[in-house]
Amino acid sequence: MLRRLGGYSTLWKPKNPHSLEYLKYLQGVLVKNDKVTEGNKKILVEALRAISEILIWGDQNDSSVFDFFLERQMLTHFLHIMRQDNSGSICVQLLQTLNILFENIRHETSLYFLLSNNHVNEIITHKFDLRNEEIMAYYISFVKTLSLKLNQATIHFFFNEATNDFPLLTESLKLYNFSESMVRIAVRTIFLNIVRVQDENMQKFVHGASREYLKEVVDGIVGVSIDLDQFVRSAENVQANRDRLRTKVDELIDSFHYVGELLILGDCMADLARLLSHRFIFPLLLTSLVPRTSDAAVLLSSVAALFSIGQFIQIVNHKELIHTILTALLFEDATVLVSHWTRADDSFCLQAVPPRGPQPQSSAQNRVFFNALLSALDVSMNDDYAAFFALYTIYAIFENKGDADELLTAARLPHASRRPEADPSTRLESEKDCDPRLLEALRLLVGAAGRANCRLRTITLQLACLVLRQFVMVLDSNDVHDQIRALAESTKKCLTGRLSDAAFVHHKDLFIDMFDEEYVEFESFRLRLDVVGHELLLPPSSSPMSGLQLNKRIPSGREETTRATLASYLHVRRLERDMADACDDELPVRVGDNPLVAVDDCINLANSDLLSCTVIVSPSNERQSRFLVADQLQLILVEPAGKAGWGAVRFAGLLQDTSISGEPTDSRVLHIVVEGPPRPSGVSWRVGAARRTPLLQAKLVFDDHIRCMAGKQRLTKGRQGARELKHSALCAVLRLRPPVDARGHPTDRLQRINPFRVVTGCAPGSVRKQNSPHPAAVEQGDAPPEDPVPKK
Amino acid sequence: PRPKRGESYRLSFCLLFSISHRLSFSQRFVSYLYTHLLFLLLPHFRLFSLPPLFSTLSLYRFLFSFTESLHLSQFLNMSYAYLFKYIIIGDTGVGKSCLLLQFTDKRFQPVHDLTIGVEFGARMITIDGKQIKLQIWDTAGQESFRSITRSYYRGAAGALLVYDTTRRDTFNHLTSWLEDARQHSNSNMVIMLIGNKSDLEARREVKKEEGEAFAREHGLIFMETSAKTAANVEEAFIDTAKEIYRKIQEGVFDINNEANGIKLGPQHSPSSPSSPGRGAPGSGASSCCS
């Protein structure tokens, strides 16, 4: 009835749609609906969709299905239908069907048959209405799927040598500048997939056909760099522009990766290397490092230029190109700059630099780029804005994968040697050498961290230490080692001097917390040079409102200064340790000799004061009956276990991180919060999250208010004592001495009287851990376990 | 005796609305108009000369298929308020394509011995009365190019990170996937963790609690789905979209920056005249993948 109502508007659907019979039926439908009309569109779309499903099934299960498809030349039907469709609905379905077909086909022979009669190329060149978002998306996905099938065997189905026809390449390159980013990315994927096919004739063709495209790519990079530089200059105060800056940085790095991958893949990419150096590196980047010679020239700020150079050297590892850059950067003078970019209306164009008259060859004119690099490292007058990126460039040169060892040796720059070291003794003397000016600049930079008024950000110091450490690893000159060790020691001493006020006067109470937090940060923060860019491209900020982590900005206020000094201290200390080849056995700070107890340990409580209480854990409001024990360092909740005098630990937290408060309405109640250890703040999604999370938040209900008072007192004293102990242990590690008054006595009297002796016996209130791995044995306990002898 | 016209009219409406609860307001409104039109024309069709029960039944079925086709074709190219781009990531064989197909193209019913890989899918959804188009791009096969993966990640507003609940190794690889995603994506990208194949309870190797814990630890939204039975598939895509939408409302996303994977619909950007291809609803430009 429905059929009659709707005419021939719906397909017959068998119970099992995956069969040869059904494909035959669908083929019949396509044949019958030879002419596309409004009326049969729906049925055609459904038929096309069903065909894709059967074909995939057939490819995996029944080869006769595919034979039928090829025998009846169903692709011809497809083309025929496609050409009649003017609204697009059938084209979309067709593209989806083809997409599914090519993506899922597993048998190579089936694939070859599908490609063999040029139909696919006709589909690629078909004039689809690409303004339709849907058609565009399916079209580009289809072409991309095809490009993933390219290899030496299939390339001839797409590239016709005789007619010099390669629609897959030419059609997709037309879309390189399409407004939709996903399409642009797809075009890049397609191009990469084409370039990596090793076929001589095709490479030759690509070389000719992509010339214009590659020029556009390089000019695109130039445009992005100039945009980026504009945001660097203007984004400081506008949050939205900062996001744009980040976008530009990412875009630039993407492009670097893209050209880097192209350069590795294709022999036909020699052009690209030439374009990059002649249009981007010399006229834009290197020109920006030297003083302006022409008013019309477009120059980048030195920070943006150094950033781009560093990124480029780090990402691209094409040998010739890296050699060209490094030769210029390390040896050349300004005469290599023969062109520059100028602004023309809305675009930019490359212009030749008017030839200069013969210039006197003074030594300052030599190595002009290298000198610029060195002077950027100088932080004696400026902040470390440019210094960071100069360091970054040096680091990138050190790490470059362009096989430029000889070049760097000639420049007396240390480098990470990629070649297997045959015999250290055969190394040239000069390979162990380092340019003295560079070494001096690095030493001054690290030394500046010790100065009280320094504006060196921790991240710059970290990078400087990293670079020095890398240098030291490859240089085996004792002189250099001694110099750096002496530098680290003296800087550390300066930093220690600046910390003692903080530790004993300003932040006495918070000092251990600050140290713990900075230490965690120090341990967890890994310098990721590929992601750090956009934050550091803006002028160094001192405001916490900039949203940057403390190590990426200048501290403001006393607390931040102390934290930054602590962080600097830790970095310099590590450098010093590495130079002395010593391992770190002092940090993290340990207090006392007794090991800390952990949950489920069984401990002897015979000599401890126990307070019975009910623990109400928030937020679950679970009630537990426990005994409260305050050790020297820990707050412990135990449950009686087995023999009298022994208990199983149910909770253990540090007293130093415990806060205690009473309850005004009930004198038997104490509220406690035990904070966990600090977490690193570095990961982006944790920004704004609390540095510490409570391990336990609970209400303790005691039997009466006397016991409650006792508990409170014990915990408060315990906390204070634990913090004092930690404080003095920390100061011992940092070699901090309390400031002395005029008569030579410590101003801080408390330091002399330590109320909590470190006890070795079973002192009241102390708990010692039974290191028994078998708590069960204790529970069954025929004989009470021996009181363990404290370890020496 | 023929059914009273009013009664049958009312019944049709009930039915229409019961099936169209998933349509958006504007879609319902158009269906409503069509129903009106239908009833005005009915006498001319002489439908009422048929036995009453039959006529009403066939009418319902007709209406049903009609609204279904409306849902599929007419509204796909309708203008939207926002377009969100998604990517799907995770190990091979975890069912990324199945999820995509299940969400965007219901006409492919999952069959147990047939997996169909797809690269792209799109669908309209409605959030808060707004038409939102979701475009989902599969990144499979492009992992060999770093420049491409980077760009894909950053071009997306949402990511579905999928593992297979029946394969422990796919769960173990989540950390490295997530690291990649965090490193390359824009920081506002909404990531949803999906444990797929929840229908295969007997072969389960990763407990639901483990997935939850991982999601909590890394600040992700979490859901267990089955691309086979379609359980939670809608929710996974739509909840991600809701989260993105919420971030837009809060002003976290810079919607004018297309690099974020969000695009304003044609009516939001007066500068770009609507192209003929995506023209008025009813041009029926496309019928797949609604």
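Throughout, protein chains are lettered first and strands after them, A, B, ... in sequence-line order, and every chain is numbered starting at 1.
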(Q) Is any side-chain heavy atom of A:E134 closer than 4.5 Å to one of B:K133? (A) yes

Q) So, for B:S147 and A:H257, which heavy atoms are closest and what is the spacing to 0.1 Å? A) CB-CB, 3.4 Å

Q) Which heavy atom of B:W137 sits nearest a heavy atom of A:S141, and at what distance? A) CZ3-OG, 3.9 Å

Q: State whether the side chain of A:E261 and the backbone N or O of B:R146 hold a donor-acceptor pair below 3.5 Å, judged by distance alone.
A: yes

**Q.** Over all atoms of both residues, closest heavy-atom pair of A:S181 and B:K85
**A.** OG-NZ, 3.3 Å

Q.
Among A:L192, A:V259, A:I315, which residue has the highest count of heavy-atom pairs closer than 4.5 Å to chain B?
A. A:L192

(Q) Quick check for you: among A:E251, A:E180, A:E46, which has the greatest number of heavy-atom pairs under 4.5 Å with chain B? (A) A:E180

**Q.** A:L265 versus chain B, the contacting section by heavy-atom distance below 4.5 Å
**A.** side chain

(Q) Counting only non-hydrogen atoms closer than 4.5 Å, does A:I140 touch chain B with its backbone (N, CA, C, O), its side chain (CB onward), both, or neither? (A) side chain

Q: First locate atom CG of B:N260, then atom OG1 of A:T247, and finally report the distance between them rounded to the nearest 0.5 Å.
A: 6.5 Å

Q | Which atom of B:I116 lies closest to which atom of A:I100, heavy atoms considered | A | CG2-CG2, 3.4 Å

(Q) In the structure I gave you, are the side-chain heavy atoms of A:K144 and B:F120 within less than 4.5 Å of one another anywhere? (A) no

Q. Side chains of A:Y138 and B:E119: donor-acceptor distance under 3.5 Å anywhere?
A. no

Q. So do A:R246 and B:R154 actually touch side chain to side chain, heavy atoms under 4.5 Å?
A. no

Q. Considering only heavy atoms, which portion of A:N104 lies under 4.5 Å from any heavy atom of chain B: side chain, backbone, both, or neither?
A. side chain

Q.
Do A:N99 and B:V118 make a side-chain contact, defined as non-hydrogen atoms from C-beta onward lying under 4.5 Å apart?
A. no

Q) Which answer fits A:S52, side chain, backbone, both or neither, if we ask what part of it has an atom under 4.5 Å from a heavy atom of chain B? A) side chain

Q: Heavy atoms only: give me the nearest A:D250-B:R150 pair and the separation to one decimal.
A: O-NH2, 3.4 Å

